[in-house]
Amino acid sequence: MSSATITGAQALGDLRGCKLLFSGFHAPELGRIEEFRNAILTLGDDGTILSVEHDGDTEGAVPLPEGWVLIPGLVDLHVHAPQYAQLGTALDVPLEDWLQTYTFPLEARFADLDYAAEVYSALIDDMLALGTTTALHFATIHVPATQKLAEICLAKGQRALVGKVAMDDPVQCPPDYRDSTAQDAVDGTRAVIDHINGLPDNNGMVFPVVTPRFVPSCTDACLEGLGKLAAETGAHIQSHISESDWQHGYVKDRCGCSDAQAFERFGLLRDNAVFAHGTHLSDSDLDLMAQNGAAVAHCPLSNVYFSGAVFPLRKALERGLDVGFGSDVSGGPTASMWETARMGISASRIRESGVEAAKPVERRGSGDKRIDFREAFYIATRGGGAALGLPVGAFVQGMKFDAIAINTLEPAGTVRIWPEDKTEAPNDLFLEKLLYTVSKSNIAGVWTDGINRLQKNQG
Ligand code: GUN
Ligand code: FE
């Protein structure tokens with residue numbers, strides 16, 4: 001498409017092959033914010049970023065409307081897609097009861113493909129509308145419904161990594177919701193990998209993921225088989241790691257080691273492997289993960305309900321671990337990465353400061369330095385992209401144009417602009433304001449591969 005032949009809102013539907021005139025922000029590295037003011041971004045015909053210039057030639061460029069601010073799309077590193085059907089409920093019991101009482105019975109219903117399609121469609125629409133352009137999804141044990149989730153992501157244009165959940169251990173999994181054997185779990189996983197890799201027009205949009213639910217729900221044979229399958233296919237891996245006292249202790253008792261050591265033993269701790277929570281990881285577990293190139297999905301809201309501890313985020317970052325945020329729908333009661341990132345900042349401050357006013361200040365907190373909004377912005381965008389080994393999360397040549405536009409002037413939104421916001425000086429405090437005040441109504445455009453996926457803005 002040539003930029004000369006299109007104008008206005010229509011042009012914003014499909015930016016492939018266009019030159020875009022925009023203002024905005026990205027965080028190409030942890031802690032470094034770069035601001036763009038009337039910059040020029042050029043897209044290739046496949047939605048790849050060809051160049052980004054602060055003082056580029058504006059001739060023939062498509063301008064973003066006044067008041068719109070462009071940032072990279074948000075990455076959700078941990079979503080249980082079926083659990084969207086119980087979002088905001090059932091959080092009054094510990095993890096082990098929540099799984100058996102509410103979650104396994106709910107997920108068992110995804111044997112019904114129509115029900116699955118209804119829930120999955122609503123989730124992907126809602127995530128895109130909130131600005132989540134990439135997501136790492138747990139589906140259920142069911143092969144057809146998992147394949148359906150991948151197809152829905154592809155059709156709606158969410159960059160997605162989708163895994164059939166493997167869970168075969170009769171000790172922890174109910175009879176009506178488990179893989180009948182370890183071999184079944186591995187075969188089903190392979191069937192989904194083959195299906196996703198064979199989807200027509202899937203050019204780096206949807207990926208398969210080897211997905212052992214967590215160590216307690218998988219037999220050793222299952223974990224071993226999945227490790228081999230991941231090595232053979234090169235697929236991504238996801239699971240839960242050291243999430244709660246109960247879970248961490250269960251693995252210690254059964255395997256005689258930590259979760260991280262167990263995953264390493266089964267060939268599951270490696271590059272492109274993302275583990276959720278990690279609140280109970282020891283320093284040596286964090287080292288082991290870093291050495292193996294594994295990443296963490298930090299789920300600060302969910303951890304409040306299930307973990308009994310705050311993830312040692314600063315320690316993970318200091319070790320060079322890739323960390324992104326996860327909503328953990330529905331262990332976290334929102335699909336919004338905005339709320340998740342805000343909680344990530346709050347949790348890190350609580351971890352730093354401690355909670356008990358009666359203790360002297362110097363003994364009250366963990367001693368770990370908090371993160372600020374700059375680091376949270378990186379973690380929510382490029383941090384997640386790096387964890388997945390995908391070229392997303394920053395406006396850099398060679399990356400995909402996965403981006404969102406925030407309309408700061410939207411009357412129905414929650415961003416309010418005052419004269420002092422309009423300073424000409426570089427001003428990353430404006431980004432801080434956006435991180436804290438944006439809501440769904442402010443999100444005016446959501447592009448993956450250069451195509452606007454937001455229904456309300458389609459031509
Ligand atoms: N551990 C095993 N399964 C789950 C799940 O669905 N959610 C969370 N938060 N932890 C888990
Ligand atoms: Fe989870």
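Counting starts at 1 for both ligands and their atoms, following the listed order.
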- Task: Kindly state whether the ring of H142 and the ring of Y177 have centres lying under 6.0 angstrom apart.
- Result: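 Yes.
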- Answer yes or no as to whether an N/O/S atom of H240 is found below 2.8 Å from the Fe ion (ligand 2).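 Of the N, O and S atoms in H240, at least one lies under 2.8 Å from the Fe ion (ligand 2), which means yes.
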- Looking only at N, O or S atoms, find the one in H78 nearest to the Fe ion (ligand 2) and name it.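 Of all N, O or S atoms belonging to H78, NE2 is the one nearest the Fe ion (ligand 2).
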Using a strict cut-off of less than 4.0 Å between a Lys/Arg side-chain nitrogen and an Asp/Glu carboxylate oxygen, indicate whether [X] and [Y] qualify as a salt bridge.
X    : Y    : value
D220 : R254 : yes
R319 : D285 : no
D449 : R16  : no
R190 : E232 : yes
R213 : D179 : no
E29  : R32  : yes

- Query: With the Fe ion (ligand 2) at the apex, how many degrees lie between OD1 of D328 and NE2 of H80, rounded to 10 degrees?
  - Reply: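 OD1 of D328, the Fe ion (ligand 2) and NE2 of H80 span an angle of about 90°.
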- Task: Answer yes or no for Q247: is there a heavy-atom contact with ligand 1 below 4.0 Å?
- Result: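 No, that is not the case, since the closest heavy atom of the residue is not under 4.0 Å from the ligand.
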- So is W98 in contact with ligand 1, going by heavy-atom distances below 4.0 Å?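 Yes, W98 has heavy atoms under 4.0 Å from ligand 1.
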- Query: Counting each atom of ligand 1 from 1 as listed, which ones have a heavy atom of L95 under 4.0 Å away?
  - Reply: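 In order of numbering, the contacting atoms are 8 (C), 10 (N), 11 (C).
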Around [atom], find the nearest protein heavy atom and jot down its residue, atom name and distance.
atom                    : result
atom 6 (O) of ligand 1  : R213 NH2, 2.8 Å
atom 9 (N) of ligand 1  : D328 OD2, 2.8 Å
atom 10 (N) of ligand 1 : E243 OE1, 2.7 Å

